[in-house]
Amino acid sequence: MKTRTHRCGDLRVEHVGQTVTVCGWVDTKRDRGGVAFILLRDVAGKVQLTFAEEINPELLAATKEVRHEFVITATGKVRERDAENKTTTMASGDIEIAVESFEILNTAVTPAIEVRDDLKCDSELRLKHRFIDLRRRPMQAMLQARAKLLECARETLGGEGFLEVETPVLYKRTPEGARDFIVPSRAHRGQFYALPQSPQLFKQLCMISGLDRYYQVARCFRDEDKRADRQPEFTQIDIEMSFPTRDDVMELFEKVVGNVFKGIREDARFKDQSWPVLSGSEVSPPFERMSYEQAMRDYSIDRPDLRSRDLKLTDLTGWAAGCSFNAFKGVAEKQGLVKALRCPGLVDGFSTGQLKNLERDAKGMGATGLANLKVTDAGLEGGIAKFIPEVEQKAMIDGVGAKPGDLLLICAHEKHKIVHAVMHNMRLLIAEKLGLHDNSKFAICWIIDFPLFEYREEDEKLFASHHPFTLPQDVARVREMAEISRKGGEPHPVARMLRGGVKIEEILALRNNQYDLVINGIEIAGGSIRMHRTDDQADVFELVGIGKEEADKKFGFLMSALDHGAPPHGGIASGVDRLLMLLLGLDNIQDVIAFPKSATGRDLMIDTPNDVEPALLDELGVKMIPKPEK
RNA sequence: GGGGGUGUAGCUCAAUUGGUUAGAGCGUCGGCCUGUCACGCCGAAGGUUGCGGGUUCGAGUCCCGUCACCCUCGCCA
């Protein structure tokens, strides 16, 4: 085999006259009898190999046995094509190689899926034959963009003095959060490792070790049910720094994002791609900041899609409390939530059946119903309008700023969560219908001032809304609450605080030092300033009901580390897969991962998970229990 | 775990709503063609209709179960 001199896709007019040797896969073969053409493909692109009877009949005859996807190497002279034979369908379209010799390096069976840019087939087949799928140009470009993204991030972080540190994959089960993947230990029969959901604690330990600035391209594992934008294993750019303010971390990450956009935009390899990142709007730090409270008020979600920023929700609870429609009034009286979405100009946007379907969707999310009202010159029409007197109608129309020709969607429920879920989804649907969610627009914002705690009524428990290591904004007040709770009495911290005179509203009004970066309604990154003092950390553990004993058992190594001179620290973690999806305008995470798993978490190519030998289970001390009959 | 969708030739899809021998395009294989570039022309092969059961004189079509893939709700601190 001769040494390759050039890559197929790199050859241009400037190479005319040179004798070159190229290697690659047979993309197509066009046999015209006395002349034949083979399109040879490699990672850089394609080039045409030409064979002619008048030049070398034996060589032409030998092309007979060449088939699609054979691997061949060819040597010949690069020559410029005649003007009428040039093509713009490929970058090397001005030239061709007049082949003088070629060799079949390997044959290939006909692949199950075609190697073509616009392949349209079931994802099952693509996953099963991933090594063929990855031969396609869009997939190779995706992998190049992914590598470029990481390259830009590393370059930025390296330049800012961050040290890339690897942390263990064999970690420890964490009782909170997502389900863990567990790994049985042979040496310690009956005991298990767990795969990390994130390197959270290790990066904090790196700060305590004095590394000052850490980052890692970390693989994370969560054994939850999959979604279009979720995989059981995914990649995060994980960052932590010492002595930062909240702004320091946010500004640093803005730099990372800015450089990723810039790096991919300026990479010549991608100029033939139609990705949003290449044609989309500018991203220029500093990014807008929005409080959690405002996001929930205007958009009912903590990751609002601001491409449709003017499509805001209105809180009608106050209006509902005094209205004549009992369903709304009742909800308002029970401290529920009533929210309205003004759909501009959509008074005739939906058929009766479509409106029914919207309501069905809302009910699917737990709503009792979804009211729709048409705004006309005469007032409100349709559905529940007859239950609402004219004066109240006018107040409502003024309240939501509606104009004749608008459609109003209203959801009311005792549980705020349900109203938020419904109205967020309706807002997305309406924005989509109004064509506001163009994916070449990038609407970026930080969400800040998140609640420190969430409250679960069922068992009267508080949860850290980010994670329990996040620094509260008002550490002193948290201390006071923890002191009250520590006095004991009732079984739950919340009950103890209530008895101690703390109002539940006040607990829920506490804010933390978390920040999430949201682009087009997708959470791209999230992080926080952490607690670096044991006493602060103990206060938060106290309020979320993790006693000293439990804290020692679960996070003893952290508590101990904090006691050894932990510096103030904070950081951020960003989902590489989701960011890449956004940049490339894709809506399935499988399309940005080289070897992804299916929606049920199977790898269809290597066929895993699979059974293991019973003897191995014995050695591990693991017993298989058959799935119970239904 | 709940709901929805899909499953017919190697691939993408049809099959007049239960009726003769399940078709087409692409691909594959063979032949022809000296400038193709989604080459063209002629011809051929290729099917356990995901799998199992049922209803029926008769099932790709209807029913039950099951498997796989996709979407969605729950879940994902």
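No hydrogens, no waters, no symmetry mates; every other heavy atom, side chains included, goes into these values. Fair warning: this is a prediction, and the values are worked out from it, not measured in the lab. Lettering of chains follows the sequences in order, A, B, ..., and the numbering in each one begins at 1.
Base pairing of B:A24 is made with B:U12, judged by Watson-Crick or G-U wobble geometry with both donor-acceptor distances under 3.5 Å. Base pairing of B:G74: no nucleotide in any strand meets the Watson-Crick or G-U wobble criterion (both distances under 3.5 Å). In this structure, B:G40 and B:C32 make a Watson-Crick or G-U wobble pair, each of the two defining distances being under 3.5 angstrom.
For A:E124 against B:G50, no side-chain N or O and base N or O form a donor-acceptor pair under 3.5 Å. Side-chain N/O atoms of A:R30 and base N/O atoms of B:U36 include a donor-acceptor pair closer than 3.5 Å.
Spacing between atom CD of A:E432 and atom C1' of B:U72 amounts to 16 Å, rounded to whole angstrom units. Put simply, CG on A:N512 is 12 Å from C1' on B:A77, counting in whole angstrom units. Regarding A:E96, its CD atom lies at a distance of 17 Å from the P atom of B:U34, rounded to whole Å. Atom CG in A:L127 sits roughly 9 Å away from atom C1' in B:C69 (whole-Å rounding). Atom NZ of A:K29 and atom P of B:U34 are 15 Å apart (whole Å). If you take CZ of A:F37 and C1' of B:C33, they are 12 Å apart, rounded to a whole angstrom.
Applying the salt bridge (Lys or Arg N to Asp or Glu O under 4.0 Å) rule to A:D238 yields the partners A:K203; only residues at least two apart in sequence or on another chain are considered. Remark: A:D82 pairs with A:E84, A:N85 by the side-chain contact (heavy atoms from CB on, under 4.5 Å) rule, at least two apart or across chains. Residues passing the side-chain hydrogen bond (donor to acceptor under 3.5 Å, both in side chains) test with A:K120, sequence neighbours excluded: none. With sequence neighbours left out, A:L558 forms a side-chain contact (heavy atoms from CB on, under 4.5 Å) with A:L201, A:Q204, A:F469, A:Q537, A:F555, A:L562. Take A:A108 and apply the side-chain contact (heavy atoms from CB on, under 4.5 Å) test, not counting sequence neighbours, and it matches A:E69, A:F70.
A donor atom on one side chain and an acceptor atom on the other are not found under 3.5 Å apart for A:E124 and A:S598.
Evaluation of the ring pair (Phe, Tyr, Trp, His ring centres under 6.0 Å) test over residues 106-126 of chain A, restricted to residues two or more places apart or in two chains, returns none. The ring pair (Phe, Tyr, Trp, His ring centres under 6.0 Å) pairs that include a residue from residues 217-237 of chain A number zero, where partners must be two or more places apart or lie in different chains.
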Between protein and nucleotides 25-32 of chain B, what N or O pairs are separated by less than 3.5 Å?
unit_1	atom_1	unit_2	atom_2	d
B:U28	OP1	A:H68	ND1	2.3
B:C29	OP1	A:R67	NE	2.8
B:G30	OP1	A:R67	NH2	3.3
B:G30	OP2	A:R67	NH2	3.4

Tabulate atom names and distances for all N/O pairs under 3.5 angstrom spanning the protein and nucleotides 12-14 of chain B.
unit_1	atom_1	unit_2	atom_2	d
B:U12	OP1	A:D122	N	3.1
B:U12	O3'	A:K120	NZ	3.2
B:C13	OP1	A:K120	NZ	3.1

Donor-acceptor contacts, no H, no angles, side chain residues 50-59 of chain A, under 3.5 Å, sequence neighbours left out:
unit_1	atom_1	unit_2	atom_2	d
A:T50	OG1	A:E96	OE1	2.7
A:N56	OD1	A:E58	N	3.3
A:N56	OD1	A:L59	N	3.1

Kindly list each side-chain donor-acceptor pair under 3.5 angstrom involving residues 544-552 of chain A, sequence neighbours excluded, with atom names and distances?
unit_1	atom_1	unit_2	atom_2	d
A:K548	NZ	A:D552	OD2	3.1
A:E550	OE2	A:K554	NZ	2.3

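Taking only side-chain atoms of A:Q48, from C-beta outward, the nucleotide of B:C37, B:C70, B:A77 with the closest atom is B:C37.
On the P atoms, B:G30 is 23 Å away from B:G35, given to the nearest whole Å. Spacing of P atoms, B:C11 relative to B:G54, comes out at 29 Å, to the nearest Å.
Across all strands, A:T89 comes closer than 4.0 Å only to sugar-phosphate atoms, never to a base (heavy-atom distances).
Using a 4.0 Å cut-off between charged nitrogen and carboxylate oxygen, A:D133 and A:K128 do not count as a salt-bridge pair.
A heavy atom lying under 4.0 Å from RNA chain B marks the following residues of residues 223-235 of chain A, by number: A:E224, A:D225, A:R227, A:A228, A:R230.
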